[in-house]
Amino acid sequence: MNIPHKILSFVVLFSILATCTVQEDTITNDQVFRDNNTLVSANERFELGFFSPGSSSNRYLGIWYKNISPKTVVWVANRARPITDSSGVFRVLTNGSLLVTAGRNHTTIWLSETSLVSSHTTIINPVAQLLNLGNLVVREKSDEERYIWQSFDYPADTFLPGMKIGKDLVSGFERQLRSWKSQDDPSPGEFITLIDTNGFPQVFEKQGLVPRKRYGPWNGVTFNGLPKHTNSSFISHTFVFNDKEVSYGYTMAKSSIIARMYMDSEGNFYTPNWANQTWTTYWDANTDMCVMYGHNCGPNGMCNGSKSPLCSCMEGFEPRKPDEWSASQWSSGCRRRKPLDCPNGDGFRAFKNVKLPDARRSWYNKSMTLGECDSACKRNCSCSAYANIEIAQGGSGCLLWFGDLIDVRNIEESQDLYVRMAKSDATITEYKSEPNSNKKRRTIIVVGSISSSILVMVMLGIAIAYVWRKKTTFLVEAPDGLDQTTDKVYYSMKSQDDGNDDNDSNITELSYYSLAQILKSTDDFSNENKLGEGGFGSVYMGVLDDGREIAVKRLSKTSRQGVNEFKNELRFIAKLQHRNLIKLLGYCNEGDESMLIYECMPNKSLDLFIFDKRRSLTLDWSTRFHIIHGIARGILYLHQDSRFKIVHRDLKASNILLDRDMNPKISDFGLARMFRDHENEANTSRVVGTLGYISPEYAVDGIFSEKSDVFSFGVLVLEIISGKKNRGSSVKKDSDSLLAHAWRLFEEDMAVELLSPHMRESSVDSKVLRSIHIGLLCVQHYAKDRPSMASVVLMFDQDDVLPLPKQPAFFAKVSMPEVNQFSIDEVTMTELEPR
Ligand SMILES: *[C@@H]1O[C@H](CO)[C@@H](O)[C@H](O)[C@H]1NC(C)=O
Ligand SMILES: *[C@@H]1O[C@H](CO)[C@@H](O)[C@H](O)[C@H]1NC(C)=O
Ligand SMILES: *[C@@H]1O[C@H](CO)[C@@H](O)[C@H](O)[C@H]1NC(C)=O
Ligand SMILES: *[C@@H]1O[C@H](CO)[C@@H](O)[C@H](O)[C@H]1NC(C)=O
Ligand SMILES: *[C@@H]1O[C@H](CO)[C@@H](O)[C@H](O)[C@H]1NC(C)=O
Ligand SMILES: *[C@@H]1O[C@H](CO)[C@@H](O)[C@H](O)[C@H]1NC(C)=O
Ligand SMILES: *[C@@H]1O[C@H](CO)[C@@H](O)[C@H](O)[C@H]1NC(C)=O
Ligand SMILES: *[C@@H]1O[C@H](CO)[C@@H](O)[C@H](O)[C@H]1NC(C)=O
């Protein structure tokens, strides 16, 4: 009986082996790899195979994270040549090249570039292996060390730990990132991230040849102008600059941390890591108002994200065209106030904490001291400024600039720049930098409808991008810290209450639901009924005995939420009753459970409609107009008609919920502020809101009033009409925000083009034009120019001639990171976070 058994197990073993071959990490040159095969790296993190990106049905050979969903592709072989069916075949040729063919005729789709190594060696037995870092390499079977070819040399849009970008100065070989054309199309897009080796090397993101973002010269610790990454235990950076190569790369301290950097098809650069089953952006450069190259401040202009206006001339300089400058058209830049008198009479002036100017036309010497640097600059009359290269140990190295200084900005804890000045404007030629002052700065916190940890990471990212103050940018795993940060975001309503003592009567008007009732309606908080989750708790759908659908926000037990504050919040929202505001039905407060019960919004939130290709088709013009009108009414109620004057402060598409009949309901009063009768505006040192929707005076000076809501409303109107997010990059023309785009079309009398094409027939043009016009009136730069909500509602209802809008605030080039994957809980955490 033994023998058949053995045979059987042999057969079983064999068939396991046979089916397991696809889970190998290596293929040899006699193996054929088809559309349904994959290679998996030994650590099971990465997988290689054929895939279809986004909604496309084209097939590409690529590498993605094996256990991360949605599929996150890090590398693509045949980027520009898709395979249209599943006939793709991948193999290793005997000469070490990789080949992808397709079709009955085995047409060549992709052949790996001839690498430098392979042209010099004889290859006997090549294999291709997918390594643990996500690198596909070709090597001699017997030689694990030397790679004949590697995918890391040909990055797509993703920069993985262990990769490098830069240039081999001997061979001229260059590694750069190149964006995808779109989410559905990995072919090379417009955006490239590379190291520019002109002058002193700097990292650039370019659109074609045009610089978009510049990460300044490497200063020994980081790229000048970026926050210092002091938490070296989390990530370590390597910058190499010698005779042979210029390159930048990074590695993670723990290989268990999954992180990547990537550039999306619109040129936004992200550095997310994988935490809590989702990608969490821990550093997002896109939200920084001064990040765009030159940030439109022009030559010798200086950008400061926390200042209004954003641009100023460097001291000693004055606007070249004062008229344009005062109209916030800064691109003409600045010129010296007093002419230089070289070589006799000039001095220098120190600018503390600046991002150094574009160094592509600079001269450098890595071993000179600041003193030598000073005299080198003094000697040469065309030298306009100098600075140290490295910042460690008091600074070393010398960089000289000639001519105009471009792309300078204020950044805390950055470097000092010494600019040549006429003697009367010069202050010093003293090289010592003072210790950094610890000035208190405003932090801008953005609250999105996303779960708390992501929220906080995004906030962190943005706070950093704005303030550049935090030294540690890679704080990722600190739940305690996170809670503290979220605490800061929400105002306690208590302190702003108007002191009326009738408040408790409001709370009694609300229904009280027993825990048993809620447990029953939500099926004991079953997972099926869960709509979303965040740090404050979860939201569940429920059905009451009488058949009414409800949404239950269950406050997490760990949220440090006092019962009093909870009640206070309850009172506040209970005061608001309007058909365009979300309705609170009741609450439940039993044992350690605290819950808020809202009417259920079956159509979830507006953003899920207007920004979604497919669903937006279901919204015709009259529905959109109905929504715009409803939102206007809701805001008017908040500002004027309720018993209190309330500024919502976080109006945005995801906070507009839609009921079964597509009636809009404003939700999320977590940031709302109540004003006393005589108050018209308030000032805060903590700006809360969402980029893209916050008004300039609020973002920049922290001043908010009803007019800040009017601004957000204007953005909403334009978004609803165009179906585009106001985030700058979704409109093709480079760095045009939606506002700028709408303004331009309006100026050119082509405003109707803003309308999504599918709506053009269902719409009455004059109404569309009127709505765009009103939208533009609402987003005007100065709060005083914007109409009140009462006038806005009148404008919609009547046909009077409208005033001409002035130029909108263009600063909204700032963009929010993509958070699409979290949109399922938009209905949920957004309504009201108890504080
Ligand atoms: C993969 O496809 C090939 C041919 O297209 C087929 O012969 C083979 O059975 C498939 N393998 C699996 C595991 O589906
Ligand atoms: C395949 O090759 C044959 C003969 O060369 C040619 O007639 C046919 O068009 C080719 N088919 C495809 C799909 O390229
Ligand atoms: C390997 O062979 C293929 C076809 O035979 C050829 O196109 C390719 O250039 C060769 N690769 C190298 C590195 O010589
Ligand atoms: C750096 O990050 C690691 C892991 O995230 C953490 O354990 C460590 O405390 C951090 N160090 C500093 C100085 O913040
Ligand atoms: C750089 O400066 C050092 C010190 O002044 C000098 O010795 C060296 O020759 C300089 N190198 C170049 C390339 O100018
Ligand atoms: C000043 O520097 C520029 C740029 O390096 C150089 O072309 C020029 O010859 C220098 N002039 C003098 C007088 O050294
Ligand atoms: C930016 O401007 C603000 C407001 O004037 C100022 O307090 C701050 O110091 C400036 N930032 C830097 C880094 O200089
Ligand atoms: C993230 O995961 C960690 C560990 O799994 C957990 O302690 C933390 O509470 C989670 N954070 C959120 C916001 O879910």
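One-based numbering, in listed order, for ligands and for the atoms of each. In this chain, residues are counted from 1 in sequence order.
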Enquirer: Ligand 5 versus Glu372, non-hydrogen atoms closer than 4.0 Å: side chain, backbone, both, neither?
Expert: side chain
Enquirer: Apply disulfide bond (SG atoms under 2.5 Å apart) to residues Cys334 and Cys313 and explain how you reach the verdict.
Expert: CA-CA 6 Å; Cys334 309; Cys313 285; 2.0 Å; yes
Enquirer: Give a yes or no on whether Arg320 atom CZ has more than 12 heavy-atom contacts from other residues, nucleotides or ligands under 6.0 Å away.
Expert: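 Enclosed.
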Enquirer: Verify the contact flag for atom 12 (C) of ligand 5, where contact means a protein heavy atom under 4.0 Å away.
Expert: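 Under the 4.0 Å cut-off, atom 12 (C) of ligand 5 does have protein heavy-atom neighbours.
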Enquirer: From atom 7 (O) of ligand 5, is the closest protein heavy-atom distance below 4.0 Å?
Expert: no
Enquirer: I need the atoms of ligand 5 closer than 4.0 Å to a non-hydrogen atom of Met368, numbered in the order shown.
Expert: 2 (O), 5 (O)
Enquirer: Testing Thr193, Val210, Asp196, Asn198 one by one against Phe204 for a side chain to side chain contact (heavy atoms under 4.5 Å, CB included), which residue passes?
Expert: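 The residue from Thr193, Val210, Asp196, Asn198 that satisfies side chain to side chain contact (heavy atoms under 4.5 Å, CB included) with Phe204 turns out to be Asp196.
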Enquirer: Which of the atoms in ligand 5, numbered in the order shown and given with their element, are less than 4.0 Å from a heavy-atom of Ser367?
Expert: 1 (C), 2 (O), 3 (C)
Enquirer: By number and element, which atoms of ligand 3 are closer than 4.0 Å to a non-hydrogen atom of Asn95?
Expert: 1 (C), 2 (O), 3 (C), 8 (C), 10 (C), 11 (N), 12 (C), 14 (O)
Enquirer: Does Lys366 make a cation-pi contact with Phe200 (under 6.0 Å, within 45 degrees of the axis)?
Expert: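 So Lys366 doesn't make the cation-pi contact.
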Enquirer: Hey, is Phe402 one of the residues with a heavy atom under 4.0 angstrom from ligand 6?
Expert: yes
Enquirer: Quick one: nearest non-hydrogen protein atom to atom 1 (C) of ligand 5, plus distance?
Expert: Asn365 ND2, 1.4 Å
Enquirer: Could you tell me whether Leu111 approaches ligand 3 through its side chain, its backbone, both or neither, with non-hydrogen atoms closer than 4.0 Å?
Expert: side chain
